[in-house]
Amino acid sequence: MWIEIPREFMMTVRTRVAPSPTGDPHVGTAYIALVNLAVARQNGGQFVLRIEDTDQVRSTAESEKAILESLRWLGLDWDEGPDVGGDHGPYRQSERSALYAAHCQKLLDTGHAFRCFCSADRLAELREAQRKAKADFGYDGRCIGLTPDEVKARLDKGEPSVVRMKVPREGRCVVQDAVRGPIEIEWRTVDMQVLLKADGLPTYHLANVVDDHLMGISHVIRGEEWISSAPKHLLLYEYFGWEPPQFVHLALLRNPDKSKLSKRKNPTSLLWYRRMGYLSEALLNYLAILTGGLTIPDGGEERISISETIEQFVLNEVSQGGPIFDLGKLDWLNARWIREGLTDEAWLARVQDWALEPERLKAIARLARSRTVKLTDLVGLTGHFFAGFLPLDADEIRKVASSDEQVLQAMHFAYEAVNAVSPWDRASLLSAFEDIARFQGLKLSKLIPPMFLVLTGRVTGPSLFDVLELMGRDIARSRLQMAVQVLGGVGKKVVKRWDKEWQTHLARE
RNA sequence: GUCCCCAUCGUCUAGAGGCCCAGGACUCCGGCUUUUCACGCCGGCAACAGGGGUUCAAAUCCCCUUGGGGACGCCA
């Protein structure tokens with residue numbers, strides 16, 4: 001007799017987190033990783049880390065390194081990944097290009113995809129026209145009817161092209177979300193997505209589906225921003241003749257104003273949380289609470305370790321409304337972990353790790369040495385390296401600036417610069433601040449005093465740029481943001497005007 | 001604009017038709033404890049977005065409205 005065995009008991013549970021190394025390690029990545037890790041572990045499966053670096057322009061090795069280190073700091077250890085290897089490697093998409101090209105060719109051969117020669121300009125115009133006509137957005141299918149001979153001729157001429165997937169124009173797609181249930185989306189609202197870019201590298205959509213299949217991923221647990229492209233992914237599985245994985249879309253973490261978590265409104269970088277002195281246990285604990293997958297009884301303990309989280313987490317219970325990331329509650333949890341979650345020895349070790357990290361301490365001591373008369377001077381000279389937010393007084397800041405408007409504008413542009421500077425080093429920082437001084441028609445030496453004050457809490461000290469390099473982007477960003485706020489803040493209109501002035505300044509140079 | 005997701009205190013949530021004039025936690029406010037502060041303990045404020053159904057009975061099920069969010073890239 002034949003007994004049907006439910007699919008989930010037949011196959012190994014394999015989950016993954018697939019960050020893109022294009023910036024600071026994001027707290028949202030940790031959130032998604034945590035859920036994936038919990039699901040894999042509680043089912044005796046594997047958790048995979050894959051680097052999605054198909055965007056050659058924006059991906060950096062620096063970012064990848066920071067992401068790996070941050071996730072490891074949190075204790076979100078993966079079974080397979082670019083640094084630990086595994087049977088389904090390589091785990092960096094930039095090293096898998098041939099695989100995607102071959103799969104894309106299959107789609108071309110079976111008529112599920114087509115070459116498209118439309119220029120970026122034409123597509124921009126098309127979008128503009130569609131916007132004006134209030135029509136659905138999307139590719140209009142111009143190249144879909146090209147004959148094989150035409151395609152070959154244009155390819156031979158060396159015309160740049162991309163590969164797009166064919167998408168039905170009618171009917172509807174049903175995305176089965178394992179916790180939300182079925183989501184129906186009409187095919188006509190789904191764009192004929194580019195699969196292979198002009199540089200020969202795949203887009204997220206292709207790479208993601210090919211990798212998830214080849215890596216045996218059973219559950220794709222990702223952010224809800226992917227719901228609208230899920231039909232494309234489902235269609236690709238169908239085109240390839242593959243069984244799709246279980247999909248789960250998690251609600252996005254929010255700013256206090258309910259928009260998607262962003263660094264301008266709430267700290268998002270894991271490096272910030274670490275530097276600010278949050279314990280990895282507390283941050284992970286808080287993220288676990290935010291998933292909604294832990295049901296804590298009335299008056300029950302909320303301080304929960306990662307192993308308890310893995311044990312108690314229930315995927316079906318995750319909340320579907322996006323939770324606001326509340327630093328206040330994180331603080332409370334962090335304090336409790338510090339007070340109650342560590343032995344005296346462990347606490348000492350944490351303090352040492354955080355404050356006495358040898359390389360950093362060496363650099364700080366070196367920086368302060370020439371201004372140190374007695375060792376006791378070190379506290380005043382370098383204390384800000386161990387502080388979070390500094391107490392700022394608007395009048396004190398204005399005292400060392402040339403005018404109220406000037407100093408506020410300087411803080412604003414310094415904030416922007418600190419966000420953009422790459423690489424984060426003395427030279428780039430210096431040149432960014434020189435730009436601001438030139439823009440304001442000020443000598444750098446006039447710009448620096450208020451900057452120094454808001455960034456270090458003092459008016460004098462070692463070179464601002466040495467200090468900044470060591471301080472790191474995250475703390476600098478927070479302090480500048482605070483400075484702007486303390487000085488009264490800037491409205492959107494003013495920002496717009498300033499940006500315009502900045503642009504004309506650039507053009508003049 | 002179009003499509004999709006979501007909706008209980010300010011915030012995170014409990015609640016799977018009667019146990020709910022809605023419980024817990026963070027925050028805030030009182031009080032107690034205390035050589036200060038913090039911790040701790042005790043207490044308090046505070047929510048079912050609105051309107052229609054279904055039902056003997058709805059925070060819970062259905063529909064509409066409203067509100068919030070996301071997506072609409074040769075970014076992920």
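In what follows, every chain begins at residue 1, and chains take the letters A, B, ... in the order their sequences are listed. Computed from a prediction, not measured in an experiment: that's the story for all the values here. All heavy atoms count here, side chains included; hydrogens, waters and symmetry mates do not.
- One can place CD1 of A/Ile296 at 11 Å from P of B/U13, the figure rounded to the nearest angstrom.
- Contact annotation: A/Thr54 reaches the phosphate of B/A76 (side-chain N/O to OP1 or OP2, under 4.0 Å).
- One C1' atom belongs to B/U27, the other to B/G10, and the distance between them is 8 Å to the nearest Å.
- With rounding to whole Å, A/Phe325 atom CZ is found 18 Å from B/G10 atom C1'.
- A/Asn255 places a side-chain N or O within donor-acceptor distance of the main-chain N or O of A/Ser262, the cut-off being under 3.5 Å.
- Taking atom CD of residue A/Glu224 and atom C1' of nucleotide B/C3, one finds them 14 Å apart after rounding to whole Å.
- Using a 4.0 Å heavy-atom cutoff across all strands shown, A/Glu186 reaches no nucleic acid atom at all.
- Under the Watson-Crick or G-U wobble criterion, with both distances below 3.5 Å, B/U66 is paired with B/A7.
- Rounded to a whole Å, the CZ atom of A/Arg222 is 14 Å from the C1' atom of B/C5.
- Summary of the strand contacts: A/Ile324 and A/Thr22 both lie near RNA chain B, and taking for each the nucleotide with the nearest heavy atom, the more 5' one is attributed to A/Ile324.
- Nucleotides B/U36 and B/C19 are separated by 48 Å at their C1' atoms, to the nearest Å.
- At least one side-chain nitrogen or oxygen of A/Lys197 sits closer than 4.0 Å to the OP1 or OP2 atom of B/A76.
- RNA chain B is contacted by both A/Arg172 and A/His205; A/Arg172 maps to the nucleotide lying nearer its 5′ end (nearest heavy atom per residue).
- Within 4.0 Å of A/Val162, counting heavy atoms only, lies at least one base atom of the nucleic acid.
- A side-chain donor-acceptor contact under 3.5 Å links A/Ser305 and A/Glu308.
- Within the nucleic acid shown, A/Arg339 comes within 4.0 Å of sugar-phosphate atoms alone, with no base atom in reach, counting heavy atoms only.
- Counting any heavy atom pair closer than 4.0 Å across all strands shown, A/Ser229 reaches no nucleic acid atom.
- Across all strands shown, A/Cys173 has no heavy atoms under 4.0 Å from either base or sugar-phosphate atoms.
- Rounded to whole Å, atom P of B/C12 lies 9 Å from atom CZ of A/Arg254.
- Side-chain N/O atoms of A/Lys258 include none lying less than 4.0 angstrom from OP1 or OP2 on B/G67.
- When Watson-Crick and G-U wobble pairs are counted only if both distances are under 3.5 Å, B/U36 pairs with no nucleotide at all.
- Between A/His112 and A/Tyr239, the ring planes are parallel. Angles under 30° get that label, and only those over 60° would be called perpendicular.
- The cationic atom of A/Arg72 (NZ for Lys, CZ for Arg) lies less than 6.0 Å from the six-membered ring centre of A/Trp78 and within 45° of the ring axis.
- Under the side chain to side chain donor-acceptor pair (under 3.5 Å) criterion, A/Arg274 pairs with no residue, sequence neighbours left out.
- B/C19 is unpaired under the criterion used here, namely a Watson-Crick or G-U wobble arrangement in which both key atom distances are under 3.5 Å.
- Taking atom CD of residue A/Gln320 and atom P of nucleotide B/A7, one finds them 6 Å apart after rounding to whole Å.
- The pairing partner recorded for B/A71 is B/U2, the criterion being a Watson-Crick or G-U wobble arrangement whose two distances lie under 3.5 angstrom.
- The distance from atom CZ of A/Arg127 to atom P of B/A71 is 15 Å, rounded to the nearest whole Å.
- With sequence neighbours excluded, the residues forming a side chain to side chain donor-acceptor pair (under 3.5 Å) with A/Lys329 are A/Glu302, listed by chain and number.
- Pairing for B/G30 is with B/C42, a Watson-Crick or G-U wobble pair whose two hydrogen-bonding atom distances lie under 3.5 Å.
- The residue A/Ser319 sits close only to the backbone: its heavy atoms come under 4.0 Å of sugar-phosphate atoms, none of a base.
- To the nearest whole angstrom, the two P atoms, one in B/G17 and one in B/C62, are 12 Å apart.
- Taking atom CZ on A/Arg58 and atom P on B/A76, their separation rounds to 8 Å, with Å as the unit.
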